[in-house]
Amino acid sequence: QVQLVESGGGLVQAGGSLRLSCDASGRTFSSYAMGWFRQAPGKEREFVAAISGSGSLRFRADSVKGRFTISRDNAKNTVYLQINSLNPEDTAVYYCAAGSVSGWPAVRYDYWGQGTQVTVSS
């Protein structure tokens with residue numbers, strides 16, 4: 001069982017940056033691939049980025065390449081999402097998830113956090 005808690009969201013002006021964090025419980029954090037997703041108002045949840053258990057493999061959605069960076073610190077049981085050059089279209093609830101690789105970059109996500117709100121003003 002893994003419990004995930006996101007933090008770092010908030011209200012930011014367009015052009016600004018945020019770093020989201022996701023703290024995981026448990027002693028087997030490094031065995032899980034981690035992912036970030038987001039859900040904007042009235043839209044379906046969409047994949048943002050994923051990182052393998054060791055951190056050696058990373059994958060991002062085309063829509064966020066160049067602005068979003070996923071990383072992890074296994075010593076701290078934490079995964080991060082650095083978001084630069086924010087724009088109003090990035091407004092969403094951001095979720096982290098943990099799961100098992102089923103053929104990279106495909107991951108079966110079994111555990112989800114509650115999400116953190118990111119709001120970007122124009």
Side-chain angles (χ1 to χ4, degrees):
Q1 189 78 9
V2 177
Q3 293 185 326
L4 304 172
V5 179
E6 302 94 335
S7 61
L11 175 62
V12 62
Q13 288 188 333
S17 298
L18 281 176
R19 188 176 79 158
L20 307 183
S21 299
C22 174
D23 295 317
S25 65
R27 294 176 293 177
T28 59
F29 178 68
S30 62
S31 67
Y32 290 97
M34 300 296 296
W36 283 97
F37 292 76
R38 66 182 180 182
Q39 187 166 19
K43 295 186 177 181
E44 294 187 353
R45 185 174 61 194
E46 67 169 336
F47 167 80
V48 173
I51 188 167
S52 62
S54 67
S56 62
L57 299 174
R58 307 182 191 194
F59 184 79
R60 291 174 293 188
D62 288 342
S63 60
V64 303
K65 282 182 179 178
R67 296 193 302 121
F68 288 31
T69 303
I70 188 170
S71 62
R72 69 189 295 160
D73 185 339
N74 286 342
K76 295 182 178 180
N77 280 16
T78 302
V79 62
Y80 305 98
L81 184 68
Q82 178 69 39
I83 312 174
N84 298 326
S85 301
L86 281 156
N87 59 66
E89 289 70 39
D90 294 320
T91 295
V93 178
Y94 285 72
Y95 301 89
C96 71
S100 303
V101 176
S102 57
W104 188 261
V107 179
R108 185 189 70 195
Y109 293 100
D110 299 313
Y111 304 101
W112 294 83
Q114 294 299 306
T116 185
Q117 175 71 48
V118 171
T119 303
V120 184
S121 63
S122 57

Nearest heavy-atom pair of [X] and [Y]: which atoms, and what distance?
| X | Y | value |
| --- | --- | --- |
| Thr28 | Ser31 | O-OG, 2.6 Å |
| Pro88 | Ser122 | CG-CB, 3.8 Å |
| Arg67 | Leu86 | NH1-CA, 4.0 Å |
| Ala98 | Met34 | CB-SD, 3.5 Å |
| Phe68 | Val48 | CD2-CG1, 3.3 Å |
| Ser100 | Asp110 | OG-OD2, 4.3 Å |

Whether Thr116 side chain and Tyr94 backbone form a donor-acceptor pair below 3.5 Å: no
Test log, rule side-chain contact (heavy atoms from CB on, under 4.5 Å), inputs Thr91 and Gln117: CA-CA 8 Å; Thr91 295; Gln117 175 71 48; 4.0 Å; yes
Inspect the surroundings of [atom1] in [X] and state if more than 12 heavy atoms from other residues, nucleotides or ligands are less than 6.0 Å away.
| X | atom1 | result |
| --- | --- | --- |
| Gln114 | CD | no |
| Arg58 | CZ | yes |
| Gln3 | CD | no |

Test item: Glu89 and Val120 side chains (from C-beta on) under 4.5 Å apart, heavy atoms: no
Side chains of Ser17 and Asn84 in contact at under 4.5 Å (non-hydrogen atoms): yes
Test salt bridge (charged side-chain N to carboxylate O under 4.0 Å, His left out) applied to Arg38 and Glu6, Glu46, Glu44, the passing residue: Glu46
Disulfide (SG to SG under 2.5 Å) partners of residues 80-110, not counting sequence neighbours, each pair once: Cys22-Cys96
Co-members of the apolar cluster containing Phe47 [side chain, <4.5 Å]: Phe37, Leu57, Phe59, Val93, Tyr95, Val101, Trp104, Val107, Tyr109, Trp112
N/O donor-acceptor pairs under 3.5 Å from side chains in residues 71-81, not counting sequence neighbours:
| residue | atom | partner | partner atom | Å |
| --- | --- | --- | --- | --- |
| Arg72 | NE | Gly53 | O | 3.4 |
| Arg72 | NE | Asn74 | OD1 | 2.7 |
| Arg72 | NH1 | Tyr32 | O | 2.8 |
| Arg72 | NH1 | Ser52 | O | 2.8 |
| Arg72 | NH2 | Phe29 | O | 3.0 |
| Arg72 | NH2 | Tyr32 | O | 3.1 |
| Arg72 | NH2 | Asn74 | OD1 | 3.3 |
| Asp73 | OD1 | Ala75 | N | 3.1 |
| Asp73 | OD1 | Lys76 | N | 3.4 |
| Asn74 | ND2 | Gly53 | O | 2.9 |
| Asn77 | ND2 | Ala24 | O | 3.4 |
| Asn77 | ND2 | Gly26 | O | 2.7 |
| Thr78 | OG1 | Asp23 | OD1 | 2.7 |
| Thr78 | OG1 | Lys76 | O | 2.9 |

Distance in Å, Ile70 CD1 paired with Ile83 CD1, rounded so as to fall on 0.5 Å steps: 11.0 Å
Straight-line distance of Ser56 OG to Ile51 CD1, nearest 0.5 Å: 8.5 Å
